Amino acid sequence: MEYKFNEIEAKWQKYWAENKTFFAPTDTSKPKYYVLDMFPYPSGAGLHVGHPLGYIASDIYSRYKRLKGFNVLHPMGYDAFGLPAEQYAIQTGQHPRITTMENIDRYRSQLDRIGFSFDWDREVKTCDSDYYKWTQWAFLKMFDSWYNKKTNSAEPIKELVSEFEKRGNLKVEAFCGEVPQFTSEQWQAYSDTQKSDILMQYRIAYLGETSVNWCPELGTVLANDEVKEGVSVRGGFPVEQKKMKQWLLRVSAYAGRLLDDLEELQWSDALKEMQRNWIGRSYGAQMVFKVVNPDPADGSKFDREYDMEIFTTRADTIFGVTFMVVAPESEWVEKLTTESQKQAVEEYLTQAKKKTERERIAETKSVTGVFSGSWAQNPFTGEKVPIWIAEYVLAGYGTGAIMAVPAHDSRDYAFAKKFGLKIVPLIEGCDVSEESFDAKEGIMINSGFLTGMNVKEAIPAAIEEVERRGIGHRTVNYRLRDAIFSRQRYWGEPFPIYYKDDIATAVPESELPLELPDIETFKPTDNGEPPLARAKNWAYQGYPLEKSTMPGFAGSSAYYLRYMDPHNEEALVGREANRYWRNVDLYVGGTEHATGHLIYSRFWNKFLYDLGYVCEKEPFKKLINQGMIQGRSNFVYRIKNTNTFVSNGLKDKYDTTEIHVDINIVYNDRLDIEAFRNWRPEYNNAEFILENGEYICGWAVEKMSKSMFNVVNPDNICSKYGADTLRLYEMFLGPVEMSKPWDTKGIDGVHRFLRKFWKLFYGGGEGTGSFCVTDEEPTPQELKILHKLIHKVETDIENFSFNTSVSAFMVAVNELSALKCNKKKVLVPVIVLLSAFAPHICEELWQLTGHTQSVSFADFPMYYEEYTKEDTFEYPVSFNGKTRFKLSLSKSLSKSGVEKAVLAAPETAKYLAGNSVKKIIVVPGRIINIVM
RNA sequence: GCUCGGGUGGUGAAAUUGGUAUACACGCCGGACUUAAAAUCCUGUGGACAGAAAUGUCCGUACGGGUUCGAUUCCCGUCCCGAGCACCA
């Protein structure tokens, strides 16, 4: 019988859905395994063949784990709030919910065709109110918490308030904004508004007036990870810095833990490194320089000496400080500017402010700055140095002020050269005439008590001295900033916050979800308010509700927890379900979320962990980053001003224009000329210059997109070759982690393999023969093929090396075909093993070989035991007619293999014979280990 | 500039981590079946040299050195490619 993949696949997909084959109950009698894919944003374009790459890999792994007896949680859902649906809504007036639901349906039908083993009973959509109820709930918990540095944990704000009432905040150590010190009496005397303002500085979700990334085109603020090179990641619109009142999450409080806990995760080094860079820890010292104007007559406003605090990682270079710099946005600017410099400073500031983020980045090489008029005193040398204002110092990092050591910092060096400031070298033998010496090595000179020390010793020695003198202390700084959490958008979770006499107040938990109201148009209002300002009665008990909504990462930060217990109405995740499923064992997704979702999720999880809602401190134990699949575009070459097209090999002889051509009318780079003429009316009477009677197209690797006519839809591949072929082929293409272009050329090879496999069950005669397998005992040769296959595929799956396991199947099937092997005892274990990769064909063959249920995973351990027992035995190896040592071999290895190995390496044999070798381990033809 | 990955046939890529380099697949060459094509199947396929042939010899994993009985794998230097970060003091 023929291999009718379309019928077979439809049959089993229906069977799985009807029987809920992949339903994963919270069954504590079995070991659990949680395999998660990053859920997709359902875009209007649907899935292309690149999207399912990671899903296929994780599906193979899930099915494999089920075979091994695990209770596997493998859910899927949709990250359904987002910008594209809203942009579409603004243009068309169609409610984003409608577009989103349509897209979800399309995604679902595409996913179903590939035969994934998702437990759809656990599906979540972030835009459903019974899902975002828990997003809002978590936000309220953050609003009601503060970060205690003493316990290094988030704690309820109620406890903080009672501490304030008893003792004020003198003993409180918290990650917080700027707050005055106060006693309990002072606290009690504060007005409600004052109290609220103070508490706001402590909350983990807080309202803050900060400089934000404002994108005028999108009409919203963006988080740091949503901005790249000064433009928005979505849309590529310019972004500027603007002071605004916004909701923020105090992610920075968790910076240290986010960094430290990275160690124990099984993530790729590249990804961990990205997070490390993003969090950016640096050890150093904070110290104080006195501001001392030499000539008070110069309009100095100082009636006393000010202490200006700076941060440095190079305390050892303090003797080389020749000037100081503060950021233009720093609050120090006003205090430091003297009368005589006032005009120059103001000019500089207006100029700096006008620049967009993009311009600032473009001009990183140009050095700008202005002298403030004030001077500071070096606490070690007593020398007076000028204080400058310059853009190269950032207000948001450290204290927004630095001590400049031009000899040993390239940025300070460039600045000193431009403005003619002094450069004092501090390291023996360094040449600072052309560039600074930034390396942290060498012997100190010109450095008082540090002179003669190595830089590595000098840094701690300098910090110690700073601490001894009481002018500063050792400290750690992080680059990671608090996450801006509000968006001036409609299609997102509403904040459960209302403003009672301008005091931000939480909507009671019992009233969640706070549903997103319907509105007529989705644009921001004419006076620049967010779209929710258009909603009627957007108020709680008569008080106005917050009009911003939450950003995209809000809904995706805890979805992995919701899958554990998706229908629980009492909690985000029930205690019992959480204790069983714990966290994600394997997470598969792209690197693009390295500094966004993967940071926010870890933060969110740690926060819930602190409050005792979840039992693991990290959400994702092991992470695999699947590569992107790019498109392979085809081109035709039109001779300019004609309707004649010239084949790729001849195009250099003419003046041509390159035109993208739909890859669906090109086969192995050969153009279907008739189809091309029918593709577009303007090509109806196109002429062609051929080579060898064919039109050969050019090609290039590009992003898969509609505009380049290179999108390959998985549905088409499924109809033409079947889902099993698609699954195998995507794996066969190369390692999952690698990015690679899609090329349909090789798919025939994989499809042929499945036909060949199918034929094994039909006495080698597809189309003619009838189903025919025997109960005969396998020969040793057949067992060896099987044994090798099981071993190879198992180790490959564990290492996520699916391309090589597909190859192993091909080798085995080729070998079994050559032997015309149709013995059940050989073929059935192959079916079981292959069912992880190509489930439909395997289910069918499983049934045909006489099994009544869906691939009965319970039977697998038997085969597994029987065929993977590795009896090792000693095999003597001799040189010069004398037995020298014995080889340790497993039963599947042949004698001839070993002899060949030794013969292949006579030098090795000679060497080994002359040494005391205890054991060498050999596989056919190759020595893999020598024990001396 | 800094930090991580990588460079293996015509192409996608293997190599059990120091043990016969190029498995598997595509493509290509030749053959079988066919009136023919498609499909299918079989054979060959790193390079150079020698031979009628089986076969043999040498060179080959970006380049130059090193360690080792033995290096695609480890070490040093150079050159390319990709990804991420980028005034973070």
Side-chain angles (χ1 to χ4, degrees), chain A residues 228-229 268-278 280-282 284 310-314 317 325 327 360-361 363-365 367 390-394 396-405 408-412 414-415 438 477-481 591-592 594-595 625 627-628 668-669 728-729 732-735 737-750 752-753 755-756 766-767 788 791-792 795-796 799 801 803-812 814 897 900-915 920-930:
Chain A
K228 259 192 193 145
E229 285 164 24
S268 70
D269 290 339
L271 203 95
K272 284 190 187 178
E273 195 60 29
M274 266 189 240
Q275 290 215 341
R276 281 191 204 108
N277 286 342
W278 190 258
R281 172 153 62 196
S282 40
I310 58 98
F311 171 76
T312 182
T313 55
R314 294 293 303 272
T317 59
V325 188
R360 260 180 100 148
I361 287 164
E363 289 169 19
T364 44
K365 289 205 173 67
V367 179
E391 274 185 310
Y392 85 90
V393 170
L394 305 174
Y397 185 76
T399 60
I402 61 156
M403 63 178 214
V405 186
H408 302 290
D409 182 289
S410 50
R411 296 151 304 181
D412 297 346
F415 196 82
D438 290 16
N477 241 303
Y478 294 95
R479 273 185 47 189
L480 187 71
R481 312 289 162 82
T591 2
E592 66 272 21
T595 53
N625 289 119
M628 296 244 284
N668 287 348
D669 290 339
L728 282 169
Y729 185 57
F732 184 72
L733 231 37
E737 296 90 336
M738 195 181 277
S739 286
K740 55 230 154 188
W742 174 267
D743 187 351
T744 311
K745 259 187 198 167
I747 201 165
D748 290 317
V750 171
R752 262 196 286 272
F753 154 73
R755 302 199 99 96
K756 229 185 235 176
E766 188 188 2
K788 218 167 64 183
H791 180 76
K792 174 77 177 151
T795 48
D796 280 351
N799 295 324
S801 173
N803 54 330
T804 51
S805 23
V806 175
S807 294
F809 279 115
M810 288 179 175
V811 173
N814 279 343
K900 217 170 146 196
V902 177
L903 287 175
E907 286 305 312
T908 303
K910 219 185 272 174
Y911 170 78
L912 292 175
N915 284 282
I920 51 178
I921 299 168
V922 174
V923 296
R926 208 178 291 192
I927 299 167
I928 61 166
N929 193 16
I930 303 169

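Since the structure is predicted, the reported quantities are computational estimates derived from the model, not experimental observations. Excluded from the calculations below are hydrogen atoms, water molecules and symmetry mates; all remaining heavy atoms, backbone and side chain alike, are included.
- On the P atoms, B:rA15 is 26 Å away from B:rG64, given to the nearest whole Å.
- The partner of B:rC49, taking Watson-Crick or G-U wobble pairs whose two distances both stay under 3.5 Å, is B:rG56.
- A tilted orientation is assigned to the rings of A:Tyr392 and A:Phe415, their planes being inclined by 30° to 60°.
- Counted by atom type alone, A:Thr804 and A:Ser807 present zero donor-acceptor pairs between their side chains at under 3.5 Å.
- Across all strands, A:Arg752 comes closer than 4.0 Å only to sugar-phosphate atoms, never to a base (heavy-atom distances).
- An OP1 or OP2 oxygen of B:rA86 is reached within less than 4.0 angstrom by a side-chain nitrogen or oxygen of A:Arg479.
- In this pair, A:Phe809 and A:Phe753 present their aromatic rings tilted. The plane angle is within the 30 to 60° band.
- Across the C1' atoms, B:rG27 and B:rC75 are found 39 Å apart, a figure rounded to whole Å.
- Nucleotides B:rG7 and B:rC63 are separated by 11 Å at their C1' atoms, to the nearest Å.
- Taking the P atom of each, B:rU3 and B:rC58 are spaced 44 Å apart, rounded to whole Å.
- Among the protein residues, A:Met738 comes within range of the sugar-phosphate backbone only, with heavy atoms under 4.0 Å from sugar or phosphate atoms but none that close to a base.
- Listed pair A:Ser282 / B:rA89 meets the phosphate criterion, a side-chain N or O lying under 4.0 Å from OP1 or OP2.
- Ring-centre distance between A:Tyr478 and A:Trp278: not below the 6.0 Å cut-off.
- Nucleotide B:rU17 forms a pair with no other nucleotide shown, judged by Watson-Crick or G-U wobble geometry with both contacts under 3.5 Å.
- As judged by a 4.0 angstrom heavy-atom cut-off over every strand, A:Pro735 is placed among residues touching the sugar-phosphate backbone only.
- For B:rA89, the OP1/OP2 oxygens have no side-chain nitrogen or oxygen of A:Tyr392 closer than 4.0 Å.
- A:Asn477 comes within 4.0 angstrom of no nucleic acid atom, judged by non-hydrogen atoms across all strands.
- Using a 4.0 Å heavy-atom criterion, one finds that A:Arg281 contacts no nucleic acid atom at all.
- Listed candidates were B:rU3, B:rC41, B:rG5. Nearest to the side chain of A:Asp269 is B:rG5.
- With both pairing distances under 3.5 Å, B:rA86 is matched to nothing as a Watson-Crick or G-U wobble pair.
- A:Leu733 comes within 4.0 angstrom of the backbone, heavy atoms only, and of no base.
- One finds no side-chain N or O of A:Asn803 lying less than 4.0 angstrom from the OP1 or OP2 phosphate oxygen of B:rA25.
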